[in-house]
Number of protein chains: 2
Amino acid sequence: MVVAPPHRRSKREAASEARRQAILDAALEIFVSQGFAAARLDDIVSAAGVAKGTIYLFFRDKQDLFEQVVRGAVGPVFADMAVLAEKADAPFDAMLAALFDTFQREILATPKREIPRLIFAEGRRFPELAAFYHREVITPGLDLLRRLAQRAHERGELVSDALVRHPVLAFAPMLVSLIWTSTFDPFQKLDVADLLATHRELLSPPQARKPTP
Amino acid sequence: MVVAPPHRRSKREAASEARRQAILDAALEIFVSQGFAAARLDDIVSAAGVAKGTIYLFFRDKQDLFEQVVRGAVGPVFADMAVLAEKADAPFDAMLAALFDTFQREILATPKREIPRLIFAEGRRFPELAAFYHREVITPGLDLLRRLAQRAHERGELVSDALVRHPVLAFAPMLVSLIWTSTFDPFQKLDVADLLATHRELLSPPQARKPTP
DNA sequence: ATTATGACTGACTTCCCAGTCATTTGTCAA
DNA sequence: TTGACAAATGACTGGGAAGTCAGTCATAAT
């Protein structure tokens, strides 16, 4: 989980870094459950096991803490995407299955699932954050989907160029899953695996698929 | 816009009702742009042109005002849905087109478009509100979509029963449009009409449609 | 072993805002 | 016209939370 420690690290520096991380972890949880405005720094520090003033050693103010929390939680997503991109010569349906699988395992089943909701919720009051997310997550993600769709279309695996023009249509049910899980799960469970499988079925109907060796 | 006035209405009562509505309208705007916690009642009253205390003549507290704002904005949706349900013998694709059209005109192009975002944002802190939205909007909406899909499937207009099992898949691109419009529009415009048309094309490919007389 | 350092603390200050209520304004019935 | 009453007002209050800073003490330097 933790990156390899840089060459020399005094006891002080290590403890310092641990505190910083504790604050970020606690803040993620509090921001996610309360939203930005309603989250109290007193709650964050008590969850993190540090004192009020410690926050201000690492973060300019509450807003800076919030932005760093989001950025920190979003960063590791790229690793997953890179893995997906490498398999770009697999059948489209298989790639989609892998993508949906990764999504369920690495995002939906973790606290990260709340990040997009947080972005949507606070995007208005943090335009920079929305811009960051659009630039660093949405755009590269859609570009990747578009390339995969393009290749699949050229190979004849996709009947239409719909997904090339609107790759977001491949992503939509994941958005539904995120929103539903974050908001309506207490009232009605959603069978995400079945939803995503059904969506794959819609995008590339069995009769249109190349036979898998 | 206003409902026919109930039989007798004194000057006092009319003015009172007008104030109440002014507060709701102003509150919608402020809540939508600031979120619940960050919205200041002082801003709402000054936008509504009333005094601070007036709010408390109509609403128990800030939270009650918030809930009534959301309920008030959500209610009129049913009228549109009823209209759609009446045309249930039209071809599925045509009904979907009508639905998408209504959505764009009556929701996406109005301040109402921000309501779902508000629900997603504040649902955690207002479980009752999320429950209300799930019960009064999501469930009836998905039930309607399921019935339409069921009928279309029986008629052979839909190749698979995917939409019967997961009617939310028909709805997903509208969710995408809502989220995108509320969050990322300043950075990249989304051609909603084209997106929705493309999605219809995916759901019922031209070759699968019954010829329209 | 002794001193110097600066990371960390948490009580405190300051500001903000939801909610109150004594006062004023406007309506309506007599 | 007028008095009674309700409706509306907005200055004020109390509590709560962001941000500060003088003091403490574990660690590092000598």
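Between A:D43 atom CG and C:dG10 atom C1' there is a gap of 16 Å when expressed in whole angstrom units. For the pair A:L41 CG and C:dT9 P, the computed distance is 15 Å after rounding to whole Å. Spacing between atom CG of B:D42 and atom C1' of C:dT20 amounts to 13 Å, rounded to whole angstrom units. Distance CZ (B:R60) to P (C:dA18): 16 Å, rounded to an integer number of Å. Taking atom CD1 on B:I30 and atom C1' on C:dC17, their separation rounds to 14 Å, with Å as the unit. Protein atom CZ of B:F36 is 9 Å distant from nucleotide atom P of C:dA18, rounded to whole Å. Taking atom CD of A:Q63 as the reference point, atom P of D:dA18 lies 13 Å away to the nearest angstrom. Note: CG (B:D64) to P (C:dG19) measures 10 Å, nearest angstrom.
Here the side chain of A:Y56 is nearest to one of D:dG10, D:dG19, C:dA18, namely D:dG19. Of the candidates D:dT9, D:dG19, C:dG19, the closest approach to any side-chain atom of B:L57 belongs to D:dT9.
Side chain of A:K62 to main chain of A:R40: no donor-acceptor pair is present (N/O by atom type, distance under 3.5 Å, no hydrogens or angles).
An OP1 or OP2 oxygen of C:dC8 is reached within less than 4.0 angstrom by no side-chain nitrogen or oxygen of A:T54. Close to C:dA7, at under 4.0 Å from its OP1 or OP2, lies no side-chain N or O of A:R19.
Here A:R60 does not pair with A:E67 in a salt bridge; the nearest charged N to carboxylate O distance is not below 4.0 Å. The residues A:E114 and B:R124 are annotated as salt-bridged, a charged nitrogen and a carboxylate oxygen being separated by less than 4.0 angstrom.
Counting any heavy atom pair closer than 4.0 Å across all strands shown, A:K62 reaches sugar-phosphate atoms only and no base atom. Using a 4.0 Å heavy-atom criterion, one finds that A:F59 contacts no nucleic acid atom at all. If you check every strand for non-hydrogen atoms under 4.0 Å, B:A37 touches nothing. Nucleic acid contact class of A:S16 (heavy atoms, under 4.0 Å, all strands): sugar-phosphate only. Nucleic acid contact for B:A39: sugar-phosphate only, since backbone atoms but no base atoms lie under 4.0 Å from a heavy atom of the residue.
Put simply, the side chain of A:K52 and the base of C:dA11 share no donor and acceptor less than 3.5 Å apart.
The cationic atom of A:R71 (NZ for Lys, CZ for Arg) lies less than 6.0 Å from the six-membered ring centre of A:F132 and within 45° of the ring axis.
Less than 6.0 angstrom separates the ring centroid of A:F126 from the ring centroid of A:F36.
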